[in-house]
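Just the heavy atoms: all of them, side chains too, but no hydrogens, waters or symmetry mates, feed the values below. Everything numeric here is computed off the predicted structure, so don't read it as measured data.
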Amino acid sequence: MTKKIRKYIVKGISIYLLLISLCCSLLFLSFSLDGDIETNASIGICEISNGEIYPKVLEHYLPMPWTYFLSSWAHYLQQDRFTDREMLKAVIAPGDNIFERAMVPEYGRYWHGYLVFLRPILMFFPYEEIKYIGLIIHIFGISIIYFSVKRISNFLAKGLVVSFFLYGWLTAWLSFQFYSTYFIVYIAGSLATRIREETYPIFFFITGMIVAFLDLLSVPLLTLGIPLLIIYAKEKRITFMHILLYCILWGIGYGLFWIAKPLIATYILQQDIIADFYHQAIYRIGGSSPRPAEIPIWLQAITLNGRVLIALVPIFLYFRKKIFWNIKCGMPLLFIGGMPVLWVCILANHSAIHYWFTARIFMISCFALLVYIYKINNYKNNHGDI
């Protein structure tokens, strides 16, 4: 057993170092490209600066009595043009050479892996046109994951699409910062329906590293929760300990890969990026309250993010006659479905300030409920173990 664990550790370290080398090389390569990149990025920055930074979709169409609950959707469906502008600024990051520019000094704590794709695309397309390319990819991606999950269950495939639609998918294409996470979910979720059980540990480890490279701390938990639920729906023998192991491996991959960036940036830029990383991490976890209130910030974060769980009520009521408690199936799904609450509490400051997009992670809770309905329905029909 010890030999097997040692083998997995060596394999994990090798993959970790290989991915860091590959990601650094791709970033450096992207900054060696020329063409109309800086022109298109600069035009995009001007367009955003001259318009509304956070346009809200549907805000003016909601009846006033629905303000408390449904205004959440108006906020969660809004565009994040501020982050788009920061991403375009990263495209034209200053520096004496491509190595310094690739570290994006202003936000050195992030990998900015999206630049590997954004810079080449900006060679040919301006900011506004790229979003329509993104829309096509989003439609293609959700179609791929739909037909992949349909191999397990038609009910689950439809339930996953409903979960996407309820929690922000409709406007994800309008903001660059959501692209990375959603694209990873499409790919990882589709792969989860095909890969074998022995590959699950390394699969979640790699997924955690990839989202740390590409994402700007938008909704990275989706890349863990959705593939995990698909695997749990697919497998009959998966236990709570398996689920916990996969979560830990994803977290190790995510954390270790993210920590590598300030270390590399500190060496290349000769600046103390590590200190900035540390202070930002402490701030995002606790920090100050974004609103003057007597309640703790973690409770503010849960309140602001958790309102969207109202969408689970009609689902629960519709299937109320088919739902009964089964502890063997229910406890693992209760844990997975509760992960967004834990995430919001840990990243309390970040989740309270940016609740209008961090709440998208509650898509996990929605899909967890639908997976539970699927599992107990199978139990009811087959009278066997789940």
Over 60° means perpendicular and under 30° means parallel, so classify the ring planes of Y182 and Y186, tilted if in between.
->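 Y186 and Y182: tilted rings.
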
How are the rings of Y179 and F176 set relative to one another: parallel (under 30°), tilted (30 to 60°) or perpendicular (over 60°)?
->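 Perpendicular, since the angle between the ring planes exceeds 60°.
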
Atom of [X], atom of [Y] and distance for their closest heavy-atom approach:
{"X": "L156", "Y": "I152", "value": "CD1-CG2, 4.0 Å"}
{"X": "Y167", "Y": "C366", "value": "CE1-CB, 3.6 Å"}
{"X": "N40", "Y": "L122", "value": "ND2-O, 2.6 Å"}
{"X": "S218", "Y": "F178", "value": "CB-CD2, 4.2 Å"}

Would you kindly check if the NZ (Lys) or CZ (Arg) of K89 is within the cone defined by 45 degrees around the ring axis of Y107 and under 6.0 Å from the six-membered ring centre?
->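 No; the conditions do not both hold, so K89 does not lie above the ring face of Y107.
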
Return the [atom1] to [atom2] distance between [X] and [Y], rounded to the nearest 0.5 Å.
{"X": "F147", "Y": "N154", "atom1": "CZ", "atom2": "CG", "answer": "10.0 Å"}
{"X": "L19", "Y": "S14", "atom1": "CG", "atom2": "OG", "answer": "11.0 Å"}
{"X": "I231", "Y": "I238", "atom1": "CD1", "atom2": "CD1", "answer": "6.5 Å"}
{"X": "I206", "Y": "I15", "atom1": "CD1", "atom2": "CD1", "answer": "4.5 Å"}
{"X": "L299", "Y": "L304", "atom1": "CG", "atom2": "CG", "answer": "9.5 Å"}

Could you note down all residue pairs passing salt bridge (charged side-chain N to carboxylate O under 4.0 Å, His left out) where residues 130-148 supplies at least one of them, sequence neighbours left out?
->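 Output for this query lists E128-K131.
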
Return all side-chain donor-acceptor pairs below 3.5 angstrom for residues 257-268, not counting sequence neighbours, or 'none' if the list is empty.
from : atom 1 : to   : atom 2 : distance (Å)
W258 : NE1    : R109 : O      : 2.9
K261 : NZ     : M103 : O      : 3.1
K261 : NZ     : G108 : O      : 3.0
K261 : NZ     : Y110 : O      : 2.4
T266 : OG1    : P262 : O      : 2.6
T266 : OG1    : Q271 : O      : 3.4
T266 : OG1    : I273 : N      : 3.3
T266 : OG1    : I274 : N      : 3.3

Return yes when atom OH of Y54 has more than 12 non-hydrogen atoms of other residues, nucleotides or ligands closer than 6.0 Å, and no otherwise.
->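 Counting neighbours around OH of Y54, more than 12 heavy atoms of other residues, nucleotides or ligands fall under 6.0 Å, so yes.
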
Do other residues, nucleotides or ligands put more than 12 heavy atoms under 6.0 Å from R194 CZ?
->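 More than 12 heavy atoms, drawn from other residues, nucleotides or ligands, come within 6.0 Å of this atom.
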
Ring-ring centroid check F205 Y8, cutoff 6.0 Å =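 Between Y8 and F205, which both carry aromatic rings, the centre distance is not below 6.0 Å.
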
Would the F140 and H138 ring centres measure less than 6.0 Å apart?
->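 Centroid distance F140-H138: not below 6.0 Å, so no.
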
Side chains of T223 and W250: donor-acceptor distance under 3.5 Å anywhere?
->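 Side-chain D/A pair, T223 to W250: present.
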
Side chains of residues 92-102: which donor-acceptor pairs under 3.5 Å do they make with residues two or more places apart or in other chains?
from : atom 1 : to   : atom 2 : distance (Å)
N97  : OD1    : F99  : N      : 3.1
N97  : OD1    : E100 : N      : 2.9
E100 : OE1    : D96  : N      : 3.1
R101 : NE     : A93  : O      : 2.8
R101 : NH2    : E38  : OE2    : 3.0

Backbone N/O of Q177 and side chain of S175: donor-acceptor pair under 3.5 Å =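 The answer is no, because no donor-acceptor pair under 3.5 Å joins these two groups.
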
